[in-house]
There are 2 protein chains.
Amino acid sequence: MNSTPGGIRRTKQRDVILRILRSTDSHPTADWIYEQVRREIPNISLGTVYRNLNRLRDLGEIRELTYGSTFSRFDGNPANHYHFICEKCRRVLDLPEPVHTEIDALIAAQTGFAVKGHRAEFYGLCDDCRRDES
Amino acid sequence: MNSTPGGIRRTKQRDVILRILRSTDSHPTADWIYEQVRREIPNISLGTVYRNLNRLRDLGEIRELTYGSTFSRFDGNPANHYHFICEKCRRVLDLPEPVHTEIDALIAAQTGFAVKGHRAEFYGLCDDCRRDES
DNA sequence: TTAGATGCAAAGGGTTTGCAACGTC
DNA sequence: GACGTTGCAAACCCTTTGCATCTAA
């Protein structure tokens, strides 16, 4: 009666992908990672790179920088404002919280960059979905 | 010697698209907008919707919610941190500024949502590109 | 041994684009 | 009338997936 579910297996491909990603702070694309990995594993396929990036993201080992979908959403309100993305129902809601422009100045002072502004999305559960959970 | 460059022409299609987008706060996808516009202009094409959305975005009339590209970038650092996107060289840089988790609490209190965290990207010109400008 | 992982190539799905016809200024 | 805009459809491009094969455990 062995109930061990099997689980994830360690592979050379995933090790190399993670090592390369950890060794840079350039926030590379999947294709760039693919090119780097090919130097060590010339016959690796792009599909394997994608599968492992998704796995590593799901494991919390790396982060994917997107709005959570491959397609765009559009906002009829051109004024900058914060958004809330419900992780359950996937709705995007506007937030009443004013934009904290003082942080722009903080970062400009720290970095020397010309900071024009920032976008922020908060995430969690909206009121409706939160109720359904409990 | 008329030097007027020509410029943008007003069309029914763009008017309808903008009106629909302004009348909702659901942050719709291009496809949803397409379906709505078709109720008024049954033979409008998806291509026209996309062209106008891009134009309206460039004009600052609407906002597009993405990381500025159709493809993902990956971050080998799984800890939450802020990013800076240079509008000129398109590089994504890590920021030393600590994450302002106190804003999460503010928003939770205001909305009743279960706020788990937030992501933020600042934008403007990085140090290198800033120099090149002047 | 065995089920997860890979390589390959085809399929998917959102977005863009070439072109002739059309509409705005 | 000139030239920006549209509709249509094909092209693009990033990402996912089916399947036979390979391999970690």
Side-chain angles (χ1 to χ4, degrees), chain A residues 1-21 27-59 61-75 90 92, chain B residues 1-18 20-21 27-59 61-74 90 92:
Chain A
M1 261 196 175
N2 192 335
S3 59
T4 27
I8 296 176
R9 283 178 194 170
R10 182 172 191 173
T11 64
K12 183 174 67 168
Q13 285 84 347
R14 180 156 57 247
D15 282 351
V16 174
I17 289 170
L18 183 55
R19 172 161 47 74
I20 286 176
L21 207 34
H27 309 83
T29 62
D31 201 63
W32 184 90
I33 296 166
Y34 173 55
E35 291 302 334
Q36 298 305 308
V37 179
R38 281 220 284 184
R39 294 182 181 177
E40 292 186 48
I41 311 175
N43 67 326
I44 193 174
S45 73
L46 230 200
T48 295
V49 171
Y50 274 106
R51 272 186 291 239
N52 278 304
L53 286 173
N54 290 342
R55 206 155 296 160
L56 289 166
R57 177 202 57 214
D58 293 344
L59 291 170
E61 295 286 338
I62 64 174
R63 291 208 161 209
E64 183 177 6
L65 308 184
T66 55
Y67 256 81
S69 52
T70 62
F71 49 87
S72 288
R73 282 168 174 273
F74 295 87
D75 191 333
R90 295 272 107 195
V92 179
Chain B
M1 261 208 189
N2 191 336
S3 58
T4 28
I8 296 177
R9 283 176 195 170
R10 183 172 191 172
T11 64
K12 184 173 66 167
Q13 286 83 346
R14 181 156 55 247
D15 281 352
V16 173
I17 289 170
L18 184 55
I20 286 176
L21 207 33
H27 309 84
T29 61
D31 200 63
W32 184 91
I33 296 166
Y34 173 54
E35 292 301 333
Q36 300 304 308
V37 180
R38 281 220 286 183
R39 294 181 181 179
E40 291 185 48
I41 310 174
N43 66 326
I44 193 174
S45 73
L46 230 199
T48 296
V49 172
Y50 274 106
R51 272 186 291 239
N52 278 304
L53 287 172
N54 290 343
R55 207 155 295 160
L56 289 166
R57 177 201 55 212
D58 294 344
L59 291 169
E61 295 286 337
I62 65 173
R63 291 208 161 209
E64 183 176 6
L65 308 184
T66 55
Y67 255 83
S69 52
T70 61
F71 49 86
S72 289
R73 282 169 174 273
F74 294 87
R90 295 272 107 195
V92 178

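Chain letters run A, B, ... following the sequence lines, proteins first, then strands; residues in each count from 1.
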Exercise for review: Would you mind telling me which residue lines up with the more 5' stretch of DNA chain D, A/T48 or B/G47, judged by nearest nucleotide?
Suggested key: B/G47
Practice item. In plain terms, say whether A/E40 and A/R19 are close enough for a salt bridge, that is, a side-chain N and a carboxylate O under 4.0 Å apart. Key: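 Yes, A/E40 and A/R19 are salt-bridged.
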Review point. Nearest to the side chain of B/F71, which nucleotide is it out of C/dC8, C/dG18, D/dC14?
Key: D/dC14
**Study point:** A/R9 side-chain proximity, nearest of D/dT15, C/dT2, D/dG18
**Key:**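 When the side chain of A/R9 is considered, C/dT2 is the closest of D/dT15, C/dT2, D/dG18.
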Report yes if a side-chain nitrogen or oxygen of [X] is closer than 4.0 Å to either non-bridging phosphate oxygen (OP1 or OP2) of [N]; otherwise report no.
X     : N      : answer
B/R55 : D/dT5  : yes
B/R14 : D/dT5  : yes
A/Q13 : D/dT23 : no
A/T11 : C/dG4  : no

Nearest whole angstrom, please: distance from the [atom2] of [N] to the [atom1] of [X].
X     : N      : atom1 : atom2 : value
B/K12 : C/dT24 : NZ    : P     : 9 Å
A/Y34 : C/dG7  : OH    : C1'   : 10 Å
B/N52 : D/dT5  : CG    : P     : 8 Å
A/I8  : C/dT6  : CD1   : C1'   : 15 Å
A/L65 : D/dT15 : CG    : P     : 12 Å
A/L56 : C/dA5  : CG    : P     : 11 Å
A/W32 : D/dC14 : CH2   : P     : 17 Å
A/Y50 : C/dG12 : OH    : P     : 18 Å

Revision key, fill the gap. Looking only at heavy atoms, the pair that brings A/H27 and B/V92 closest together is ND1-O, 2.9 Å
Check your understanding: Between B/V49 and B/A30, which heavy-atom pair has the shortest distance, and what is it?
Key ->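 Closest approach of B/V49 to B/A30: CG1-O, 4.0 Å.
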**Study point:** Between CZ on residue A/R14 and CD1 on residue A/I8, distance to nearest 0.5 Å
**Key:**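 Interatomic distance, A/R14 CZ to A/I8 CD1, rounded to 0.5 Å: 6.0 Å.
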Exercise for review: Starting at CG of B/N52, measure out to CZ of B/R57 and round the result to the nearest 0.5 Å.
Suggested key: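 If we round to the nearest 0.5 Å, B/N52:CG and B/R57:CZ are 12.0 Å apart.
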Check your understanding: Any side-chain heavy atom of A/L53 within less than 4.5 Å of one from A/Y34?
Key ->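 A side-chain contact under 4.5 Å is absent here.
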Exercise for review: Begin from the C-alpha positions of A/T48 and A/V37 and carry the test side chain to side chain contact (heavy atoms under 4.5 Å, CB included) through to its verdict.
Suggested key: CA-CA 11 Å; A/T48 295; A/V37 179; over 6 Å; no
**Study point:** Those residues of residues 36-46 of chain A lying under 4.0 Å from DNA chain D by at least one heavy atom
**Key:** A/L46
Practice item. Indicate, yes or no, whether a donor-acceptor pair under 3.5 Å links the base of C/dG18 to the side chain of B/R51. Key: yes
Review point. Which part of the nucleic acid, if any, lies within reach of B/N54 when heavy atoms closer than 4.0 Å are counted: base, sugar-phosphate only, or nothing?
Key: sugar-phosphate
